[in-house]
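Below you'll find the structure, written out as structure tokens, and then a few comments.
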Amino acid sequence: MTPSDFDERRELEAACHCGAVRFRLVLTDGLRSVRRCNCSYCSMRGAVAVSANLDDIHVVQGADKLTLYQFNTGQAKHYFCSVCGVYTFHSRRSVPSQYGVNVACIAGLSPFDFDEVPVLEGRNHPKDRSDGGPMTAGWLSYRANTDHQR
């Protein structure tokens, strides 16, 4: 698949590492919503996420294997596979009508497909700031090693 394949509004297949949890989704804005976050939790989790509306994710297998984690305000709900531990998706505190979806779970997509990923300011969450808008804290970049002798 090419990045433009993900930018079309069509259903995609996704799963955790072990395959116990499988879901289908439609991205809200293709790969244009790609991001990371620098809050205390996301910094440790390290996932690259894209957005899907709440009604556009359907767990087709393993709903009973999903484990929920919440912290701080308890508004965001982070879901993991209880078998392999992989983060699959979370309801977003900043945009409650959307899920953030782990790109590594989406078939044909990898976090290493992105040369640069914006890192959003989550340590000072938009809901806690007077302006309420997203703020880019920085950029995470990936450059493939083309020197195959290392």
Side-chain angles (χ1 to χ4, degrees), residues 1-123 125-126 134 136-148 150:
M1 274 197 231
T2 66
S4 63
D5 291 330
F6 293 96
D7 288 337
E8 298 174 13
R9 228 172 118 72
R10 63 180 186 85
E11 192 171 64
L12 301 169
E13 301 283 330
C16 64
H17 186 261
C18 72
V21 176
R22 296 187 179 280
F23 55 103
R24 292 190 180 112
L25 68 142
V26 176
L27 300 177
T28 58
D29 194 23
L31 300 181
R32 290 175 288 280
S33 66
V34 69
R35 69 200 176 280
R36 290 226 8 212
C37 174
N38 70 355
C39 78
S40 63
Y41 186 64
C42 292
S43 292
M44 294 182 92
R45 180 176 64 197
V48 172
V50 287
S51 296
N53 291 327
L54 295 181
D55 292 339
D56 287 336
I57 288 188
H58 305 283
V59 177
V60 295
Q61 176 185 310
D64 61 324
K65 301 288 190 244
L66 285 172
T67 297
L68 172 65
Y69 176 69
Q70 293 174 277
F71 70 103
N72 197 12
T73 66
Q75 289 179 302
K77 296 177 180 161
H78 303 265
Y79 294 96
F80 296 81
C81 172
S82 63
V83 179
C84 66
V86 166
Y87 150 68
T88 53
F89 51 86
H90 73 284
S91 63
R92 297 176 58 201
R93 178 179 176 218
S94 57
V95 184
S97 62
Q98 293 181 343
Y99 283 117
V101 180
N102 182 353
V103 299
C105 292
I106 300 172
L109 193 58
S110 163
F112 304 110
D113 291 336
F114 302 93
D115 293 333
E116 279 192 333
V117 174
V119 178
L120 300 185
E121 179 56 63
R123 292 173 296 197
H125 196 277
T136 302
W139 298 87
L140 183 69
S141 61
Y142 175 78
R143 189 177 68 232
N145 181 7
T146 55
D147 181 4
H148 297 292
R150 287 188 184 185

Hey, could you give me the [atom1]/[atom2] distance between [X] and [Y], rounded to the nearest 0.5 Å?
X   : Y    : atom1 : atom2 : result
L25 : T88  : CG    : OG1   : 10.5 Å
C39 : R93  : SG    : CZ    : 10.0 Å
F23 : Y79  : CZ    : OH    : 12.5 Å
S91 : Q75  : OG    : CD    : 9.0 Å
C42 : L120 : SG    : CG    : 9.5 Å

Of all heavy-atom pairs between [X] and [Y], which one has the smallest distance, and what is that distance?
X    : Y    : answer
C84  : C18  : SG-N, 3.6 Å
E121 : A137 : OE1-CB, 3.7 Å
G30  : S33  : O-OG, 3.5 Å
S40  : F71  : OG-CE1, 4.3 Å
K65  : A20  : CG-CB, 4.3 Å

Practice item. Taking side-chain contact (heavy atoms from CB on, under 4.5 Å) as the test, write out the residues that go with S141, two or more places apart. Key: E116

Review point. With sequence neighbours left out, what residues match S110 under side-chain contact (heavy atoms from CB on, under 4.5 Å)?
Key: F112, D113

Review point. Taking the six-membered ring for Trp, are Y41 and F80 parallel (under 30°), tilted (30 to 60°) or perpendicular (over 60°)?
Key: perpendicular

Practice item. Evaluate the side-chain proximity of F114 to L31: yes if any heavy-atom separation is below 4.5 Å, no if none is. Key: yes

Anything under 3.5 Å between a donor and an acceptor, one on a side chain of residues 101-109, the other on a protein residue two or more places apart or in another chain? List them.
from : atom 1 : to   : atom 2 : distance (Å)
N102 : OD1    : A104 : N      : 2.9
N102 : ND2    : Y87  : O      : 2.8

Determine all donor-acceptor pairs shorter than 3.5 Å in which one atom belongs to a side chain in residues 48-62; sequence neighbours excluded.
from : atom 1 : to  : atom 2 : distance (Å)
S51  : OG     : R35 : NH1    : 3.2
S51  : OG     : R92 : NH1    : 3.0
S51  : OG     : Q98 : OE1    : 3.4
D56  : OD2    : R9  : NH2    : 2.9
H58  : NE2    : D55 : O      : 3.1
Q61  : NE2    : G19 : O      : 3.0

Revision key, fill the gap. Contacts of E13 meeting side chain to side chain donor-acceptor pair (under 3.5 Å) (sequence neighbours excluded), chain-then-number -> R24

Check your understanding: Among all residues two or more places apart in sequence or in another chain, which pass the side chain to side chain donor-acceptor pair (under 3.5 Å) test with R22?
Key -> none

